[in-house]
Amino acid sequence: QVQLVESGGGLVQAGGSLRLSCAASGSISSAGPMAWYRQAPGKQRELVAHITRGGATSYTGSVKGRFTISRDNAKATVYLQMNNLKREDTAIYYCNKVPLPYAWGQGTQVTVSS
């Protein structure tokens, strides 16, 4: 079973940037699509960015133009570059395979202050 470890979160001022990483314990090259999700306090987990095995990407509307998802299959790592962060981006961020997710990791906390 692949294990996922997210990192790179932190406290940042609005307008700032963060780069999240998701390291898998096993290969993701054959895993197919991967995605970043986030869960804000009191809200359901939502998918924010999606990437196919070939590198095609898609984003939820609220992050389009600000977030960039990428993957390095050789390093079994998925990244999320987040620019021009807003307070509403505050959440715990997770990555996982889509569909049929692996066990969820602990996530990484992103807090955006005004």
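- Shown here for Gly8 and Thr108, the closest heavy-atom pair between the two residues is N-OG1, 3.8 Å.
- Checking Thr90, Val63, Thr111, Val12 one by one against Leu85, the side-chain contact (heavy atoms from CB on, under 4.5 Å) holds for a single residue, Val12.
- A donor-acceptor pair is defined here as one N or O able to donate and one able to accept, closer than 3.5 Å; such a pair exists between the side chain of Lys97 and the backbone of Pro99.
- Considering every non-hydrogen atom in both Ile69 and His50, the closest pair reads CG2-O, 3.7 Å.
- At least one test fails for Lys64 against the ring of Tyr59: distance under 6.0 Å to the centre or angle within 45° of the axis.
- Scanning both residues, Met82 and Val110, for their nearest heavy atoms gives CE-CG2, 3.8 Å.
- No donor-acceptor distance shorter than 3.5 angstrom exists from the side chain of Asn84 to the backbone of Arg66, with no hydrogens or angles considered.
- Within the structure, disulfide (SG to SG under 2.5 Å) pairs that include any residue of residues 53-105 comprise Cys22-Cys95 (at least two apart or interchain).
- Sparse packing is recorded around CD of Gln106, with 12 or fewer heavy atoms of other residues, nucleotides or ligands lying under 6.0 Å away.
- Cation-pi contact between Arg45 and Tyr94: present, with separation from the ring centre below 6.0 Å and deviation from the ring axis of at most 45°.
- Leu4 and Ala24 make their closest contact through CD2-CB, 3.9 Å (heavy atoms, listed as atom of the first residue, atom of the second, distance).
- A search for ring pair (Phe, Tyr, Trp, His ring centres under 6.0 Å) contacts involving Tyr37 returns Trp104, not counting sequence neighbours.
- Leu100 belongs to no hydrophobic cluster, as no Ile, Leu, Val, Met, Phe, Trp or Tyr side chain comes under 4.5 Å of its own.
- Looking at Thr60, its side chain never comes within 3.5 Å of a backbone N or O of Val48 through a donor-acceptor pair.
- For the residue pair Asn83 and Ser17, the shortest heavy atom distance occurs at OD1-OG, 3.0 Å.
- The shortest distance between side-chain heavy atoms of Gln3 and Val5 does not fall below 4.5 Å.
- Asp72 places a side-chain N or O within donor-acceptor distance of the main-chain N or O of Lys75, the cut-off being under 3.5 Å.
- Minimum heavy-atom separation, Ser114 to Arg87: CB-CD, 3.5 Å.
- Annotation: cation-pi pair Arg71/Tyr79 absent, no NZ/CZ under 6.0 Å from the ring centroid and within 45° of its normal.
- Side-chain heavy atoms closer than 4.5 Å link hydrophobic residues (I, L, V, M, F, W, Y) into clusters, and following such links, even through other members, never connects Ile92 to Phe67.
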